[in-house]
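Values below: every heavy atom of this structure, side chains too, minus hydrogens, waters and symmetry copies. Each chain gets a letter, A, B and so on, in the order its sequence line appears, and its residues count up from 1.
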Amino acid sequence: DAKTTQPTSMDCAEGRAANLPCNHSTISGNEYVYWYRQIHSQGPQYIIHGLKNNETNEMASLIITEDRKSSTLILPHATLRDTAVYYCIVRVEAAGNKLTFGGGTRVLVKP
Amino acid sequence: NAGVTQTPKFQVLKTGQSMTLQCAQDMNHNSMYWYRQDPGMGLRLIYYSASEGTTDKGEVPNGYNVSRLNKREFSLRLESAAPSQTSVYFCASSEAPLKGTNEKLFFGSGTQLSVL
C-alpha cells in the first residue's frame, strides 16, 4: 500500500470549513483514498472514499489532485462534534483486503 | 440494527490469565477484523477473517488467537495475557471480499483491556 503523510494536528474555527490535507505521492493507479475519523474513545467512523474524481456525501467532500499524489478532505461547516482524529488511508479495492491506519491528524474545532 | 457489538467494554486481567473478547455483527458482512490501539497511536490489525471459516494474520498477531464461529461472530482470545497487551481492542466488519464493494469498515465501540 502507498504510504500517506498527514499533519499531526490542526485547529479549526467552528462554522468554518476545515481542509485536511493528505500526501500519497507513491499511490498507484488502482489504489483508492479512504478517510475515517475517530472521535475520542469511540471506534473509527467511515467518512468518504474516492479513486480519481472528487466525491461528496452528507459528511464531507474529497478533492483528489489530477496526478492523485495528494488529496484534501473538506468538512464544509465544522462543528464542535467534528473534533476527532482523521485518518487518510490508501488501499487497493480487492477481495480480502484490510485497511492500515497510521497516526492521522488530530483536529480541534474551537468555538 | 445494532451494527457491531463487542463484549466486554472493560476488563482487567492479571499477567498469565486468559480471556476471550467477543464480537458480533448483524449486517450480514463477509469480513471481520480485530484491531488494537495503544495510547496516542493509530490502529494496528491483529487478525482478520475474509469469510466464514477463514482467518489470516495481520500486523501484530503474536499472543492472540481468533475464531470465526459463524458469519456473525469473530472472537479474539488471549491465552496468557501480558502487560504489553494492555490496549483498546476494536472489532470491525465489512462487506468485502465481494469484488466491487468498497472497504467501508464498521467498528464496534471497543474493549479497554488492562493487564497488570
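Ranked by heavy-atom pairs shorter than 4.5 Å toward chain B, the options A:Gln38, A:Gln45, A:Arg106 are led by A:Gln38. Comparing A:Gly104, A:Ser41, A:Pro44, A:Gly103 by heavy-atom pairs within less than 4.5 Å of chain B, the highest count is held by A:Pro44.
Contact of B:Gln112 with chain A is not made at all, since no heavy-atom distance falls under 4.5 Å. With a threshold of 4.5 angstrom between heavy atoms, B:Gln6 does not approach chain A through any atom at all.
Under the 3.5 Å distance criterion, with hydrogens and angles disregarded, a donor-acceptor pair is assigned to the side chains of A:Asp67 and A:Thr65.
Between B:Tyr47 and B:Tyr64, the ring centre distance reaches or exceeds 6.0 Å.
Checking side-chain atoms of B:Ser31 against main-chain N and O of B:Glu95 turns up no donor-acceptor pair under 3.5 Å.
Under a hydrophobic clustering in which Ile, Leu, Val, Met, Phe, Trp and Tyr are joined whenever their side-chain heavy atoms come within less than 4.5 Å, directly or via other members, A:Tyr46 and B:Tyr35 fall into the same cluster.
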